[in-house]
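Working notes, structure below.
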Amino acid sequence: MNQQELINLFKQSNALLEGHFKLTSGRHSDVYYEKFTLLRQPATCTRICEEMAARIRGWQPQTVVGPTTGGIIIAYDVARYLGVEAMYAEPGEQGRIFKRGMSLEKGQKVAIVDDVLTTGRSIFEVIELVKSYDAEIVGICEMLDRSNGQVRFDYPYEALAVVSASNWEPDECPLCAKDIPLTQRGSRKF
């Protein structure tokens with residue numbers, strides 16, 4: 001699967017939305033990639049996860065970790081293709097935590113996966129969580145990087161697609177200045 005094929009999946013499934021959106025990061029954008037429209041389609045989702053697994057197989061992870069919520073589905077399916085375990089990093093009072101008896105061993109090789117990257121906040125939280133266990137991060141893989149590659153990590157990084165999607169701080173948003181109604185998407189509460 002190449003970049004254009006993934007973008008076409010977003011378009012064909014009506015998961016590429018245009019308007020005025022408040023992103024999970026708190027920033028505003030004129031475009032929103034509604035990953036759950038793709039993730040609720042198992043045949044489409046598994047094609048994406050199979051490609052992600054193929055791209056990171058060489059990292060030889062022992063565990064695949066994804067942040068809740070979309071990252072659960074992706075981590076599970078990528079791990080299934082790799083034949084390793086999947087774990088899920090849930091929000092805690094500060095950053096991400098493992099719940100439900102999940103933990104990592106010192107030196108355990110971990111690949112971090114997620115759905116759509118804008119600022120990297122969720123991934124940075126997962127990085128801190130994995131590091132707190134002294135586990136080894138072997139790489140990070142995103143379904144879609146909407147930062148146009150601007151977010152950088154200190155680990156090997158793969159994205160199935162990298163796009164430039166305009167986004168602004170709320171006080172700099174040209175759509176707010178035009179009084180265009182704002183729609184909040186995403187899972188974080190503001």
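When a residue number appears, it is its place in the shown sequence, counting from 1. The basis for the numbers below is simple: all heavy atoms, side chains too, and nothing from hydrogens, waters or symmetry mates.
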- request: Grab the two heavy atoms, one from Gly66 and one from Ala75, that are nearest each other, plus how far apart they are.
  value: N-CB, 3.6 Å
message: For the CD1 atom of Ile74 and the OG1 atom of Thr46, what is their distance to the nearest 0.5 Å?
response: 11.5 Å
- prompt: Sub-3.5 Å donor-acceptor pair from the side chain of Glu34 to the main-chain atoms of Phe36, do we have one?
  reply: yes
message: Determine whether a donor-acceptor pair (N or O, by modelled atom type, separation under 3.5 Å) exists between the side chain of Ser13 and the backbone of Leu9.
response: yes
statement: Given the options Lys109, Glu105, Glu85, Thr63 meets side-chain hydrogen bond (donor to acceptor under 3.5 Å, both in side chains) only with Glu85
- request: Determine, step by step, whether Val163 and Asp145 satisfy the side chain to side chain contact (heavy atoms under 4.5 Å, CB included) criterion, reporting the C-alpha distance in whole Å, the side-chain angles of both residues, the deciding distance to 0.1 Å, and the verdict.
  value: CA-CA 6 Å; Val163 298; Asp145 178 344; over 6 Å; no
field: Shortest non-hydrogen contact from Val31 toward Leu23
entry: O-CD2, 4.4 Å
- prompt: Within the distance-only criterion (no hydrogens, no angle test), does the side chain of His28 pair as donor or acceptor with the backbone N or O of Pro170 below 3.5 angstrom?
  reply: no
- prompt: Honestly curious: do Val126 and Leu82 fall in one hydrophobic cluster under the side-chain, below-4.5 Å linking rule?
  reply: no
message: Atom CD of residue position Glu18 - does it have more than 12 heavy atoms of other residues, nucleotides or ligands inside 6.0 Å?
response: no
query: Counting only N and O atoms by type, is there a donor-acceptor contact under 3.5 Å from the side chain of Gln3 to the main-chain atoms of Val162?
result: yes
message: Using a 3.5 Å distance criterion without hydrogens, assess whether the side chain of Asn148 forms a donor-acceptor pair with backbone atoms of Gln150.
response: no
- prompt: Is it true that Phe98 and Tyr88 have ring centroids separated by less than 6.0 Å?
  reply: no
- request: Start with the C-alpha gap between Glu136 and Gln62, add the side-chain angles, then the distance that decides, and say whether side chain to side chain donor-acceptor pair (under 3.5 Å) holds.
  value: CA-CA 10 Å; Glu136 178 187 349; Gln62 297 168 297; over 6 Å; no
task: Step through the shown structure and confirm whether more than 12 heavy atoms of other residues, nucleotides or ligands are within 6.0 Å of CG on Asn2.
output: yes
- prompt: Between atom CG of Leu16 and atom CD1 of Ile7, what is the distance when rounded to the nearest 0.5 Å?
  reply: 7.5 Å
- prompt: Can you check whether Arg146 reaches Leu117 side chain to side chain, under 4.5 Å on heavy atoms?
  reply: no
message: With heavy-atom distances below 4.5 Å as the criterion, would you say the side chains of Glu169 and Arg27 are in contact?
response: yes
field: Cluster link Met102 to Val84, ILVMFWY, side chain under 4.5 Å
entry: no
task: For salt bridge (charged side-chain N to carboxylate O under 4.0 Å, His left out), just list the numbers for Arg100 and Glu90, CA-CA rounded to whole Å, side-chain angles, deciding distance to a tenth of an Å, and then say yes or no.
output: CA-CA 10 Å; Arg100 305 168 216 295; Glu90 302 182 53; 2.7 Å; yes
task: Compare all side-chain heavy atoms of Asp114 with those of Pro67 and state whether any distance is below 4.5 angstrom.
output: yes
- prompt: Hey, quick one: are Ile112 and Ile72 part of the same hydrophobic cluster, counting side-chain heavy atoms closer than 4.5 Å, chains of contacts allowed?
  reply: yes
- line: For Asp115 and Gly71, the nearest pair of non-hydrogen atoms, with its separation, is OD2-N, 3.8 Å
- request: May I ask you to decide if Ser166's main-chain N or O and Ser29's side chain share a donor-acceptor pair within less than 3.5 Å?
  value: yes
query: Hey, quick one: are Val116 and Val65 part of the same hydrophobic cluster, counting side-chain heavy atoms closer than 4.5 Å, chains of contacts allowed?
result: no
More than 12 heavy atoms of other groups within 6.0 Å of Tyr81 OH: yes
message: Less than 4.5 Å apart, side chain to side chain, heavy atoms only: is that true for Tyr76 and Val64?
response: no
- prompt: About how many Å separate CG of Asp77 and CD of Glu50, when rounded to the nearest 0.5 Å?
  reply: 9.0 Å
task: Considering non-hydrogen atoms only, spot the tightest contact between Tyr133 and Ser103 and give its length.
output: CE2-CB, 3.7 Å
message: Ignoring hydrogens, what is the shortest heavy-atom contact between Ile73 and Leu39? Give both atom names and the distance.
response: CD1-CB, 4.1 Å
query: Under 4.5 Å between any side-chain heavy atoms of Tyr32 and His20, yes or no?
result: no
query: Are Val130 and Tyr155 grouped together when hydrophobic residues (ILVMFWY) are joined by side-chain heavy atoms under 4.5 angstrom apart?
result: yes
task: Starting from the C-alpha separation in whole Å, work towards a yes-or-no answer on side chain to side chain contact (heavy atoms under 4.5 Å, CB included) for Met143 and Lys35.
output: CA-CA 9 Å; Met143 176 173 64; Lys35 70 246 179 195; 3.7 Å; yes
- line: Distance col, row Phe124:CZ vs Ile140:CD1, nearest 0.5 angstrom, shows 7.5 Å
- prompt: Quick one: do the Thr68 and Arg96 side chains pair a donor with an acceptor below 3.5 Å?
  reply: yes
query: Is the closest side-chain heavy-atom distance between Glu142 and Ile123 below 4.5 Å?
result: yes
query: How many angstroms lie between atom CG of Leu17 and atom OG1 of Thr183, to the nearest 0.5 angstrom?
result: 9.0 Å
- request: Give me the ring orientation class for Phe10 and Tyr33: parallel if the planes are under 30° apart, tilted from 30 to 60°, perpendicular past 60°.
  value: perpendicular
- request: Determine the minimum heavy-atom distance between Ala111 and Val138, stating which atoms define it.
  value: N-CG2, 4.0 Å
query: If you measure from the Lys or Arg side-chain nitrogens to the Asp or Glu carboxylate oxygens, is any gap between Glu51 and Arg55 under 4.0 Å?
result: yes
message: If the threshold is 4.0 Å, N to carboxylate O, is there a salt bridge linking Glu128 and Lys131?
response: yes
Straight-line distance of Cys173 SG to Leu182 CG, nearest 0.5 Å: 7.5 Å
